[in-house]
Structures are given as structure tokens and as C-alpha cells.
Amino acid sequence: MDAIKAFFRDQALHLRKEVWEVARQIGERPELGYKEYFASNSLSSFLQKHGFIVDRGIAGMETAFLARFKGPRPGPTIAYLAEYDALPVIGHGCGHNLIGAASAGAAVILSKSLELAGDVLVIGAPAEETSGAKVTLVEKGIFKDVDVAMMFHPGSQNVPVISSLALDALEFTFHGRSAHAVAASGFGINALDAMINFFVGINALKKQVSQDVKINGIITEGGTAPNIIPERAVAQFYLRARKRKELDEWREQVIRCAEGAASMVSAKMTWHKFEFSYDEMHTNLSLAECFTRNLGEMGIHQIASPQTAMGSVDMGNVSRAVPSIHPYLTLGTGTEIPHTRDFAQVSLSPDGERLVLLAMQVLAFTGWDVLSNNKLLQQIKREFLLLTKE
């Protein structure tokens, strides 16, 4: 380990208790998406205490923030992503209290170097578990001057390279005409019949899609009483695929299927996206290799092969705007299952504290490599440019 990274390691050890206190307090006061007032304030106050200029309530979201530290010399801009929302009932069962604290800690570690050339940002992103505020942050241009973005996520293995599925959330509404189901059935147009036709068509469509495409839906509204022909039926669907381009093509087929189902009974159909669309996560391999090397600096050599998450993450949208990584690091024994009370408990245990320390050190090392090694940065950017041309 070279002298500057040894310095960062020592800074991390010095900050360890303070950063863990932030993580612990957020973990003990879980807040749902867009209501993370305590968590957002805790992270912002910690960063302000260490010399960061914090802009709160960015992109029209009260609990989003942008913290910036300008180095003594000009250079690139790196961003650490902080998450801090909890899950209903079970609290921080995804370990977001650890994510936010580690990103803030890594940024503060870097800020202590008098050799820092460039800007270090911490971007507070609310509501990852619900609507995915990073989508809004990308759309509002928060990443337009960022060279590299990174974060970590607690998990069951050390996985520097991940991908995820692109996602569209579609709501379909079939519009018919109500009538007495017996006395005047000929005057009605049954929206539920159209919906049932739609589901039959979707089941047929599923037989044509590749294994990488997932189509899952539920009926959320199907009528009000058995003796009234339903004039309105509503369904919500998640469509997922490994690639945005492939998903866009299948989405059009699903919409055509809905249109056909409506026309079969002379109903009408409307649709809209009821949640943000997520792009697939593209891990920048050059940046991930750097992160992996820095895990080695910390004595971590048990590295899992690249994995595709069977879910979707809003970091995917960030990865389409700027070179990004979203590595997983092992929490505890790696046996606890995310989105459970057990996972929430271990995130508040000494294992959680040890993981925050490791994560903020490796993130800081990786940030330093990007800021101080122009050859590495250009390699990262070349890889990203090839991605954008696909």
C-alpha cells in the first residue's frame, strides 16, 4: 500500500466511530422514501462539519441533497451515491443506512488530502426502494458534469461487477359501458372481458419471449358488483429484460396485445407508466477492476464472478449517463437474506460497522485512483463511450 492510501486508511480509522454513529442512528430511525428527513439531515450535517458545501432539496425532492468539496487543485469530478430509505415494517432490511454512511465517509476521507485534484460529490438519492429518485436526478442534469459515479451495496458476496434488468411499469385501463348484467346485458361493454382477453394474450406472448424477458401482471380493478357489467378494468404489469432496446420492442408488443384485447369486445384501452422506467445496470469494467484491486489492498481476495441481479435498480439509469459501479460487499456471514428483519438486524451489528469501514476505505481508494491517474480515467471514459454507441 502506497503512502497516500495508507494515509486514507488512517483517516478512515480516525473517522470510524463518527461514521458508524451516523449509520447506526439512521438504521435505528428507519424512514420511507421521500420522507427520509432524519437520514438526509444526518448525512448532510456530517458532510458540512467536514467542510462540504451542501445543497439540500435538489431536483424538487425535499430529502435529496448534493454535497461538494473542491480540491486545492483542479481536476475531474467524482460522485458517491448515498441511499438511506428503509422498507415498510422491517426497516433497513436492505442496508441503506450502511450505503449512505459509507459514501459520505469515503468522500470525507478524500477531502483530507492536500494533494486532492478535482471535486468530490456526495449525491443523496432518496426512495430507491419505491420510485427510484436517481431517475429524476439523471433527468434533472445532476450528473452532467460528473466524470465517474460509484456506490456500494451490502450483500451475500463480494461482487464488483453486476448487471440488472431494464424495467417498465405499465398500467392498462380498459374502458367499457356499464349495464344491468341480466336485464340489459346487450347494452353493456364488458371491460373485464377485455382484461381477461388481455391476460390470455399475454400468456400466449410469454411463450414467444426469451428467458431474459419477464412479464408479470395483476388485476387491480375488475368491477364493482356481479350484477353490473364492469365499465372499467385495470391491470399493472412489470416488464423486464436484460437490454433496454429489447424491452422497448417487447413493450410495443404488449401494448398491441392490449389493443387487440379491447377491440375484441368493442372496448377502449389506455395505458401509462405508473412508476419510473429503469435502464439496465452497466458496470464500467475498468472502474470495477480498480475497485477490485483496492479490495486486494485491504486483504479481500475472495471475489465472486460477475452476476446479473434478477431485479432492477435505479443506478442503471446513472450508468447510462456516466461511468458507474454498483458493487456488492459481504455483510456478516453472507447468509442473511435482504429485505428481511434479520438483514436489518445485522446492518446494525458489529458486522455492519466493519462493513462500513471496509466500504468507505475501498471507495476512497478507488476515488483517489480516478482523480490522480489520468490514464485510468481516459480508459474508463473510452469504455463508456463505446457503451453509448451500442
Side-chain angles (χ1 to χ4, degrees), residues 8-52 54 56 63-65 67 80-112 122-129 150-156 158 298 300 327-364:
F8 290 143
R9 179 199 59 198
D10 293 344
Q11 288 298 312
L13 293 172
H14 177 72
L15 288 166
R16 176 178 185 168
K17 293 300 181 185
E18 186 178 1
V19 175
W20 173 242
E21 188 66 11
V22 172
R24 184 189 65 77
Q25 289 184 4
I26 292 173
E28 291 179 350
R29 294 186 57 168
E31 300 163 298
L32 300 182
Y34 299 119
K35 297 180 180 178
E36 316 98 321
Y37 298 105
F38 176 81
S40 178
N41 182 65
S42 295
L43 292 165
S44 296
S45 297
F46 167 73
L47 290 160
Q48 283 179 314
K49 175 184 174 183
H50 288 278
F52 282 70
V54 181
R56 306 188 190 211
T63 55
F65 66 84
Y80 293 108
L81 276 295
E83 296 176 359
Y84 34 86
D85 62 318
L87 292 157
V89 182
I90 64 174
H92 278 283
C94 212
H96 289 190
N97 57 316
L98 308 182
I99 296 172
S103 285
V108 169
I109 290 168
L110 280 182
S111 74
K112 303 303 181 183
V122 179
I123 299 175
E128 191 277 335
E129 296 289 358
M150 65 187 89
M151 59 175 286
F152 103 99
H153 201 294
S156 58
N158 299 314
M298 296 303 300
I300 307 297
Y328 283 81
L329 295 177
T330 306
L331 175 61
T333 62
T335 58
E336 287 79 14
I337 299 171
H339 287 214
T340 63
R341 289 185 177 86
D342 287 343
F343 202 90
Q345 262 189 337
V346 76
S347 78
L348 285 169
S349 73
D351 285 334
E353 182 178 359
R354 284 190 286 271
L355 183 58
V356 166
L357 176 63
L358 171 65
M360 68 181 185
Q361 288 178 96
V362 179
L363 286 170

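Residue numbers count from 1 along this sequence.
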Applying ring pair (Phe, Tyr, Trp, His ring centres under 6.0 Å), which residue pairs with at least one partner in residues 87-109 are found, sequence neighbours left out?
H96-H153

In chain order, what residues pass the side chain to side chain donor-acceptor pair (under 3.5 Å) check against Q25, with sequence neighbours excluded?
E21

Taking salt bridge (charged side-chain N to carboxylate O under 4.0 Å, His left out) as the cut-off, I'd like each qualifying pair that reaches into residues 330-349, sequence neighbours left out, listed once.
none

One should read off an interatomic distance between F65 CZ and F52 CZ, to the nearest 0.5 angstrom, of 10.5 Å

Sort and list the pairs that fulfil ring pair (Phe, Tyr, Trp, His ring centres under 6.0 Å) and have at least one residue in residues 8-37, not counting sequence neighbours.
F8-W368

Mind listing the closest non-hydrogen atom pair of L43 and A104 along with its distance?
CD2-CB, 4.1 Å

From I99 CD1 over to L81 CG, what is the distance, rounded to the nearest 0.5 angstrom?
10.0 Å

Can you tell if the side chain of R29 reaches within under 4.5 Å of the side chain of E36, non-hydrogen atoms only?
no

Which atoms form the tightest heavy-atom contact between A359 and A102, and what is the distance?
CB-CB, 3.9 Å

Note: S156 and G334 closest approach over all heavy atoms is CB-O, 3.2 Å

How far does CE of M151 sit from OH of Y80, to the nearest 0.5 angstrom?
13.0 Å

Before giving the answer on side-chain contact (heavy atoms from CB on, under 4.5 Å), spell out for V356 and V19 the whole-Å C-alpha distance, their side-chain angles and the decisive distance to 0.1 Å.
CA-CA 8 Å; V356 166; V19 175; 3.6 Å; yes

Over all heavy atoms of both residues, which pair between I90 and A344 is shortest? Give the atoms and the distance, please.
O-CB, 3.5 Å

Side chain to side chain, L331 and F343, heavy atoms closer than 4.5 Å:
yes

Quick one: do E353 and R24 make a salt bridge, cutoff under 4.0 Å?
no

Contact between L13 and L357 at the side-chain level, heavy atoms closer than 4.5 Å - yes or no?
yes

If we only count heavy atoms from C-beta on, is the F152 to L358 side-chain gap below 4.5 Å?
no

I want to check something: taking the side chain as every heavy atom from C-beta on, are V108 and E18 in contact at a cut-off of under 4.5 Å?
no

Measure the shortest side-chain to side-chain distance between L363 and I109 over non-hydrogen atoms and say whether it is less than 4.5 angstrom.
no

Mind listing the closest non-hydrogen atom pair of A67 and L47 along with its distance?
CB-CD1, 3.7 Å

To the nearest 0.5 Å, tell me how far R16 CZ sits from M360 CE.
8.0 Å

Does any part of the side chain of I300, heavy atoms only, come nearer than 4.5 Å to the side chain of N158, both counted from C-beta?
yes

Distance check, rounded to the nearest 0.5 Å: K35 atom NZ versus S40 atom OG?
15.5 Å

Judged by atom type as modelled, is there a donor-acceptor pair below 3.5 Å linking the side chain of S103 to the main-chain atoms of G100?
no

Taking every heavy atom of L98 against every heavy atom of S347, the minimum-distance pair comes out as CD2-O, 3.3 Å

With sequence neighbours excluded, residues passing side chain to side chain contact (heavy atoms under 4.5 Å, CB included) with R56
N41, S44, S45, Q48, V54

According to the salt bridge (charged side-chain N to carboxylate O under 4.0 Å, His left out) rule, which pairs have a member within residues 83-94, sequence neighbours left out?
E83-K134

Roughly how far apart are L15 CG and Q361 CD, rounded to 0.5 Å?
10.5 Å

